[in-house]
Structure formats: structure tokens, C-alpha cells
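Structure record follows, encoded as C-alpha cells.
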Amino acid sequence: MFLIVEARFLAPDVKLLRVQAPLIARKRKAGQFVILRVHDHGERIPLTIADSDPVAGTITIVVQGVGKTTKMLNLKSAGDSICDVVGPLGLPSHVEKFGTVVVIGGGLGTAIAYPTAKAFRQADNHVISIIGGRNRQFVILEEEVRAISNELFVTTDDGSYAEKGFVTDQLAALIAAGRKLDLVLAIGPIPMMRAVAEVTRPHGIKTVVSLNPIMVDGTGMCGGCRVIVGGKPQFACVDGPEFDAHQVDFQILIQRNAMYRDMERKALDQLLQPPAPAVSAGKDAQCPDGDPCRFVEKVPELAGVWKTGA
Amino acid sequence: MHNPIPPKERMKIHRQLMPEQPPLERARNFVEVNRGLDVALAQEEARRCLTCKTQHCFSACPVGVQVRDFIDLVVAGDYLGAAAKIREDNVLPAVTGRVCPQEKQCEGSCILSARGESVAIGYLERFVADYERSVGKVGLPARAPLTGKKVAVVGSGPAGLSCAGDLVLKGHDVTVLEALHEIGGVLVYGIPEFRLPKQIVRDEVENLRLMGVEFRTNVVVGRTVTVDELLGEEGYHAVFVATGAGLPMFLNIPGEHLCGVYSANEFLTRVNLMKANEFPAYDNPIYDCRGKDVAVFGAGNTAMDAVRTSLRLGAKCASIVYRRSEKEMPARAEEVHHAKDEGVQFQMLTNPLEFLGDEKGWLTGVRLQRMELGAPDKSGRRSPVAIEGSEHVLPIHVAIIAIGNKGNPLVQSTTPDLATTRNGYIVADAEKLKTSKPGVFAGGDIVTGGATVILAMGAGRKAAKAIHEYLQSGIW
Ligand SMILES: Cc1cc2nc3c(=O)[nH]c(=O)nc-3n(C[C@H](O)[C@H](O)[C@H](O)COP(=O)(O)OP(=O)(O)OC[C@H]3O[C@@H](n4cnc5c(N)ncnc54)[C@H](O)[C@@H]3O)c2cc1C
Ligand code: FES
């Protein structure tokens with residue numbers, strides 16, 4: 001059981017959770033992730049570690065509620081716990097002094113890119129951050145990113161805040177202005193990462209993306225996380241999650257990530273439905289004894305969602 | 001010896017049949033296929049043993065279970081005594097009685113097997129282990145006085161569990177570190193419920209816990225903590241690495257990225273560990289196999305488990321596709337026989353060339369090629385060669401690759417002074433299981449490559465012995 005010591009929304013449906021996990025906090029480097037299981041009947045999902053505090057023994061994750069598991073995470077408050085958290089997994093970001101580095105975060109991607117941006121800055125790079133979101137509400141961690149950047153650009157798709165447009169527009173503008181860029185790191189929705197790769201490709205600017213395929217174990221045991229990079233399969237959980245953006249087959253990643261879409265929707269619908277007697281003690285009876293992270297016991301917590309009719 | 005029947009008469013008794021769920025019924029549920037012998041059947045079977053002086057069964061057992069003697073105790077009706085006799089050499093009898101390839105070991109060497117009907121040693125082993133469990137009297141051995149020495153066991157498969165059990169009895173302080181959220185290794189994530197009920201594994205783990213073994217899940221050695229840290233600041237005096245062969249191999253043919261193509265590890269883990277067969281009561285999904293065509297590539301135990309699991313998930317047609325012939329199939333004989341009874345199709349001497357998909361990236365079929373056995377090579381083995389013009393397409397929705405695993409590199413790659421083989425396995429000497437790094441021992445699939453539960457257990461026991469000696473003498 002992993003205790004949540006802090007929980008707050010950064011944007012609608014985007015929640016920051018600080019979790020007690022001393023072993024992971026001590027070891028974790030920028031770019032690595034954890035796999036967690038919210039409750040005893042839960043699935044295992046990967047989440048990037050946004051920050052860690054080795055002294056307090058905590059790690060920070062930022063979760064966007066899109067499916068059942070992430071929605072359930074977003075219902076957690078300080079004092080609740082998470083059944084299993086394992087990590088830090090994956091290879092750390094490759095950080096050295098490159099020169100001028102552009103770090104691009106789209107939506108939730110900002111939280112994932114933030115630790116690596118910080119590490120780039122600590123390694124004496126000139127860090128240009130470009131963060132964006134659909135609208136004002138989805139621009140997250142702006143102050144944190146500003147604090148570790150030499151330059152910061154903010155965009156919103158609808159122009160409700162800062163510059164109207166996409167993060168790629170800002171990147172293209174920097175290139176057009178003749179800025180010498182040594183490395184671009186882009187993290188966000190797959191279409192955004194693919195777009196960034198296409199902007200930098202003609203200029204031969206080294207570009208790195210962090211991929212988020214479906215995972216199970218996170219240790220290289222299942223191969224479910226395989227992505228195609230340079231025409232070859234790579235296991236994102238052990239060979240990644242960061243890869244050369246110009247080599248990644250984004251189309252295949254999009255297709256593979258859609259594999260369970262129908263079932264994910266079903267699971268989510270069920271979560272959001274008013275409690276029927278179907279969530280019965282019968283199923284519950286099969287759980288290992290007395291584990292307090294069981295779904296059923298969390299049902300009262302969901303009452304809020306049902307009431308608001310989310 | 002207790003057997004009252006003269007040897008000549010014993011040979012007239014036929015081998016008892018294992019009661020099992022009817023094939024077509026069981027092919028749609030996850031309940032254990034074999035129901036186990038009852039007392040009467042077990043008695044009848046045990047009386048078939050000729051109590052030979054030269055105990056081939058004993059010599060053929062990788063851990064030297066005293067087969068003749070335990071069977072004699074069965075004849076005497078002392079089932080708990082029989083169980084204790086097995087436990088002297090085998091700490092997981094309820095498991096091995098179900099999953100050992102007996103036909104290649106004890107039963108294969110039984111004098112009676114020459115006449116085609118060896119004593120059903122596996123059935124009897126299972127019988128006494130289940131009897132012991134059912135009366136709730138597992139004779140947990142007493143623990144020696146505490147030594148104050150700490151040992152870390154990395155990985156909780158059969159190798160790790162047996163090593164931990166032996167060491168804790170010697171009075172050492174043993175902690176098992178496991179990457180997953182459940183203890184048991186392949187026994188929980190690989191071998192399906194219908195062959196090895198998970199409750200058995202849980203009970204055995206609980207026994208170890210009662211004996212004093214500490215289990216820590218969610219710890220990936222190499223990531224959460226390294227071997228050097230275990231031996232250093234974490235204060236362990238020795239480490240046993242038993243991380244298994246858990247890195248799935250793929251066919252490396254076009255289309256392997258398509259949705260619907262799984263490694264057997266992923267497919268089985270989703271069902272066994274994550275209970276995807278109970279979705280949505282459990283959150284983890286799996287391809288909805290109902291009414292679909294499934295092909296499994298490979299013919300080992302893993303392949304049989306995967307193909308039979310797909311049937312239980314509702315597959316319309318489930319096939320094994322194997323490039324060699326039936327004779328070479330590495331799976332246990334019983335699994336092949338069960339799979340056939342359940343309606344699994346076997347396409348022998350067939351090789352996959354390419355997976356085909358639709359525009360959305362979903363698997364639609366596989367292009368196959370027929371093979372024939374060529375001239376024997378130097379080792380006398382006849383390799384399959386392609387038959388020209390035999391290419392054809394088999395329409396399938398799900399493909400499961402079960403052609404083997406390699407060693408998981410996480411520990412090796414983060415422990416620089418640990419010597420490995422060309423294939424990435426850890427080098428350890430056969431007797432003491434010592435690696436190139438002082439204080440570190442290794443055994444099970446991570447040393448041998450994918451093998452068997454009983455061999456992994458045997459390795460765990462050998463390691464425990466060597467570790468105990470090392471902890472006492474301090475001499476590497
Ligand atoms: C589907 C399937 C069916 C099989 N059927 C049979 C059968 O019928 N009969 C038979 O005899 N054999 C069978 N086998 C083979 C048998 O299961 C293995 O040989 C045996 O389990 C090996 O035991 P082990 O302890 O070496 O490793 P494993 O059982 O593989 O256990 C290794 C454990 O280490 C953990 N681990 C790995 N890396 C780390 C790390 N870095 N840190 C912490 N933990 C880690 C893993 O998560 C795993 O739990 C089967 C195998 C499979 C996959
Ligand atoms: S998540 Fe299973 S191998 Fe990467």
C-alpha cells in the first residue's frame with residue numbers, strides 16, 4: 001500500500017498526486033516512470049514520475065483522467081492509498097550539455113517533460129520551454145517550468161491564454177528565426193509529437209520523444225509495449241520510454257494504443273454508472289482477505305461523481 | 001515394504017486413469033482439468049509399484065525424490081508420511097505433481113514403462129500433496145536458531161521459493177524481492193489456473209511466510225535497488241538471483257506489430273495474473289476471443305497453455321502451428337493429449353512467413369508455408385525445410401507467439417561484474433551455483449534458459465546449501 005500525501009487538481013481532470021514511495025524516490029531519475037495498480041482488481045498502468053523528494057520519500061505523478069483507472073486515481077485524496085507502485089522503470093533521459101535545448105510539453109506532457117527540462121538546465125543547457133494546451137485550463141505547471149527555463153513560450157489552441165496556436169508554431173518560429181537548436185524534447189499527445197518530428201526533420205535537429213504504449217509488467221517480460229523504432233521492435237518499458245522521434249513509427253503506436261478502446265469505454269461507463277446492486281459482495285468475496293484497497297470499498301468515494309453526473 | 005500383492009500379480013493391474021472434467025465442458029471454463037485420484041484409485045495405483053531395488057525413478061528425478069519409499073507409504077495408508085517423505089527433497093509437491101514432465105523423468109524410467117504403463121508417479125505425488133493440504137496438516141519443519149545472516153532472493157519463482165525455504169530453516173534471515181505484485185513467478189503469471197490452481201501456490205507461499213520468509217513485492221532489482229546496494233548499504237550477506245527467463249522472443253517476421261499479435265507471456269499474464277477473463281470485474285482487458293480464430297506458434301508447454309486459454313476465452317478455432325513434427329513437440333505429453341481432446345487443431349510442419357492486417361492495424365491472417373523434414377544433420381536431427389509452392393494464408397484474429405524466452409537482462413545489465421553467456425544468461429557453476437561475483441549465487445531459468453519447475457527448484461535447493469556453507473565459513 002502506498003500512501004497519498006498530497007492530491008490537487010492542476011486542470012480539469014488533471015490531478016497531481018504525491019505518493020509515499022521512499023525506495024523509488026531515492027532512485028528515480030528524470031524520464032523514468034512507475035507502474036501502478038489502483039486497487040486489487042485493477043490493471044497495471046505506467047505513469048511518468050514528474051518529481052521526487054528523496055528526503056521526504058515521495059514521488060509526484062500527474063494523472064489525466066481518461067479511462068477507468070486514471071479516473072479512479074483522480075478520485076483519490078490525501079490520506080488514501082494506492083495498491084501497488086513499482087519503479088523507477090525505464091531508462092533515464094539522456095542528459096548532458098547539448099547547448100540549446102527546446103523542451104516541448106503538450107497538455108499533460110508538460111508534467112512529464114518538466115523533470116527532464118530541469119535536468120537539462122542543471123546540466124548547463126540553455127533551456128527554451130514551449131508549453132501548450134487546448135485552452136487556458138490545460139496549460140499546467142507554468143510557474144514551475146518558468147523557474148527552470150531560460151526562455152518560456154506558452155500557447156493555447158483556442159487563444160484563450162497567451163499565444164494562440166500550437167506548440168509546433170513556436171518551434172517553427174524559432175527555427176525560422178535562425179536560432180541554433182541542438183536538441184528538441186517533445187512530450188505530449190502522439191499527434192503533437194509526430195508533428196514536432198516533422199518540423200525538425202528537414203533541419204536535421206536531433207529530436208527525442210517519450211512514448212506511452214500500453215504496458216503490463218514494465219520489466220520486459222511481456223512485449224506488449226513494443227514500438228517500432230527504425231523499423232525494429234523495441235520494448236518501451238526497458239529500451240525506452242524515450243526514442244529518436246525521427247525513427248519512431250507513430251502510426252503503429254496510435255493503432256496499438258487503440259487496441260482495447262471498446263473495452264476501456266465499457267469499463268469507464270461502468271465506473272460512472274450509478275451504483276447498481278451488481279457491484280456485489282459476491283465478487284468481493286473472492287478478493288484476498290482484508291485488503292483495504294478493494295474497489296468495492298471505494299464505491300462511496302465515487303458517489304460524488306455519480307451525483308454530479310460526470 | 002508394505003505391498004501385500006506378489007509382483008507378478010501387480011503387473012496385471014492397469015494404470016489408473018486420471019478423473020478429469022469432460023473435454024468439451026472444460027474447454028469453456030478455467031476450473032482445473034484433472035480432478036485427482038481418490039483414495040481407492042490411489043491405493044490401486046500405488047500397489048502397481050514393483051518396489052525395484054535399482055530405483056530408476058529416483059535416479060531420473062532431478063531432485064531425487066524417494067519415489068519407491070513414498071509410494072510404499074501410500075500402500076500402507078500413511079499419506080501424511082508419504083507427503084513428508086516427498087518433502088524431504090521437494091518443497092512443492094502439489095505443484096510438481098501437476099506440472100512435471102513425468103514421462104521424461106520418473107515415469108519414463110519406470111520398469112513398467114517398457115510395457116507402456118509406468119506407475120502414475122505424478123498422480124500419486126499430487127494425491128499425497130493434496131491429501132496433506134486437505135487435512136490441513138502440512139508438516140512445517142522446525143527452524144534452526146537464528147544466525148543473524150541476511151540473504152536476499154531475487155525473484156519468487158520455484159527457484160527463489162525453494163532457496164528461501166531452505167535458507168530460512170537454517171536460521172538465516174531471508175527476504176524475497178519480486179518485481180510483480182504477486183509471488184510465484186511463472187507459477188502465477190504463466191501456468192494457467194486450469195492446470196495449476198493459484199490457491200495451491202498461495203498456500204505454499206503462506207507456508208514459507210509462516211516459516212519466516214519475508215516477501216517484498218513491487219521491487220525490481222536493477223531498478224528499485226541494485227545487487228551492489230543489496231550487498232552494500234542494505235546489509236545482505238549473500239544474494240541469490242532467480243529472475244527466470246522472462247524476455248519473450250518474437251518471430252521477427254513482418255506484421256508482428258499488428259493488434260491481435262501477442263507474446264504468450266503477455267497473453268497468459270493478462271489472464272492468469274490480471275484475470276482478464278473476468279473483465280470487467282477486473283480492469284485488465286484482453287482481446288475478445290469469442291467466436292474468433294486463434295493461432296499459437298510453438299509447441300512447448302507455454303504454447304499449449306496459450307492455445308487452451310484461448311479456447312476458454314471463447315475462441316471458435318484454436319490451432320497450434322509448429323514448424324517441426326509432432327515427435328519434436330517439447331510440451332508435456334498430457335498437455336498435448338488434453339489439448340487434442342479439447343478440440344485444438346494441430347498444424348505440424350508449418351512455418352509462418354508474415355502476418356497480414358487491415359488498414360486499421362488489426363491482424364487478419366497469417367501467411368504460412370509447409371515444411372518437410374530434411375536429411376539428418378550431424379547430430380542426427382532432421383531439420384525442417386520449406387516445400388516450394390506451399391504458401392497459403394490462414395485467416396486468424398489472434399496470433400500468440402510461444403517460441404521461447406531469453407534471460408531478463410535487468411539484473412545483469414546493472415551488475416557489471418556478473419559474467420553472462422552469449423545469450424545473456426548468468427554464468428554459475430553447476431554444483432555451488434556461484435557466479436563470478438563474490439556473495440552472488442544464481443539458479444533456475446536465468447542460468448539454464450527456459451527449463452522446468454523441478455529443475456528450478458533443484459537449483460534453488462543447491463544454492464541454499466552452498467549459500468549456507470558460504471555464510472558459515474565466510475570463504476568464497
Ligand atoms: C506458460 C508456461 C508453462 C510452463 N509449464 C511448465 C510445466 O508444465 N512444467 C514445468 O516443469 N515447467 C513449465 N514451465 C517452465 C517453468 O515454469 C520454469 O522453468 C520455472 O518457473 C523457472 O523458475 P525460476 O524460478 O527460474 O523463474 P520464474 O518462475 O520465471 O520466476 C522468476 C521471477 O523473478 C521475477 N523477476 C524477474 N526479474 C526480476 C528483477 N529484476 N527483480 C525482481 N524480480 C524479478 C519475475 O517477475 C518472476 O516472478 C512453464 C513455463 C511457462 C512460461
Ligand atoms: S510492459 Fe511488458 S515488456 Fe514492456
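What's counted below: heavy atoms across the whole structure, side chains too, no hydrogens, waters or symmetry copies.
Using a cutoff of 4.0 Å between basic side-chain nitrogens and carboxylate oxygens, A/R26 and B/E234 are scored as salt-bridged. Classification of B/E206 and B/R209 as a salt-bridged pair holds, one side-chain N sitting under 4.0 Å from a carboxylate O. Salt-bridge formation is detected for the pair B/R270/B/E266: a Lys NZ or Arg NE/NH1/NH2 atom is positioned less than 4.0 Å from an Asp or Glu carboxylate oxygen. For the pair B/K360 and B/D358, the salt-bridge criterion is not met [side-chain N within less than 4.0 Å of a carboxylate O].
B/F297 has its ring centre no less than 6.0 Å from the ring centre of B/F250.
For B/L258, the part sitting under 4.5 Å from any heavy atom of chain A is the backbone (N, CA, C, O) and nothing else. For B/T269, the part sitting under 4.5 Å from any heavy atom of chain A is the side chain, from C-beta outward, and nothing else. Contacts of A/L89 with chain B are made by both backbone and side-chain atoms, with heavy-atom separations under 4.5 Å. Proximity to chain B is limited to the side chain of A/Q32, based on heavy atoms less than 4.5 angstrom apart. With a threshold of 4.5 angstrom between heavy atoms, A/I35 does not approach chain B through any atom at all. With a 4.5 angstrom heavy-atom cutoff, A/R226 touches chain B only via side-chain atoms. Contacts between B/E178 and chain A at a heavy-atom distance below 4.5 Å are absent for every atom of the residue. If you measure heavy-atom distances from B/T226 to chain A, the contacts under 4.5 Å come from both the backbone and the side chain. In this structure, chain B has a heavy atom under 4.5 Å from the backbone of A/V85, while its side chain stays farther away. Of the atoms belonging to A/I228, it is side-chain heavy atoms, and not backbone ones, that fall under 4.5 Å from chain B. With a 4.5 angstrom heavy-atom cutoff, A/R44 touches chain B via backbone and side-chain atoms both.
Each of B/L410, B/I286, B/V220 has some count of heavy-atom pairs under 4.5 Å with chain A, and the biggest count is that of B/I286. Ranking B/L273, B/N265, B/V225 against chain A, the residue ahead of the rest is B/N265, based on heavy-atom pairs under 4.5 Å. Counting heavy-atom pairs closer than 4.5 Å to chain A, the top-ranked of the candidates B/N405, B/I401, B/V261 is B/V261. Top candidate by heavy-atom pairs under 4.5 Å with chain B, chosen from A/K27, A/K266, A/E264, is A/K27. Residue with the most contacts toward chain A among B/P285, B/G260, B/G222: B/P285 (heavy-atom pairs, distance under 4.5 Å). Chosen from A/M221, A/E43, A/R256, the residue pairing most often with chain B at heavy-atom distances under 4.5 Å is A/M221. Comparing B/P280, B/G361, B/P248, B/S263 by heavy-atom pairs within less than 4.5 Å of chain A, the highest count is held by B/P248.
Enclosure of atom NZ in B/K406 is not indicated, since only 12 or fewer non-hydrogen atoms of other residues, nucleotides or ligands lie within 6.0 angstrom. Around CZ of B/R216, the count of heavy atoms belonging to other residues, nucleotides or ligands within 6.0 Å does not exceed 12.
Only one option out of A/I61, A/I59, A/N74, A/L36 pairs with A/L17 in a side chain to side chain contact (heavy atoms under 4.5 Å, CB included); it is A/I61.
Inspection of the A/H39 and B/D283 side chains reveals an N or O donor paired with an N or O acceptor under 3.5 Å.
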Verdict with reasoning, A/Q20 to A/F2, per side-chain contact (heavy atoms from CB on, under 4.5 Å) = CA-CA 6 Å; A/Q20 196 80 54; A/F2 293 77; 5.9 Å; no
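Ring planes of B/F194 and B/F30: tilted class, angle from 30 to 60°.
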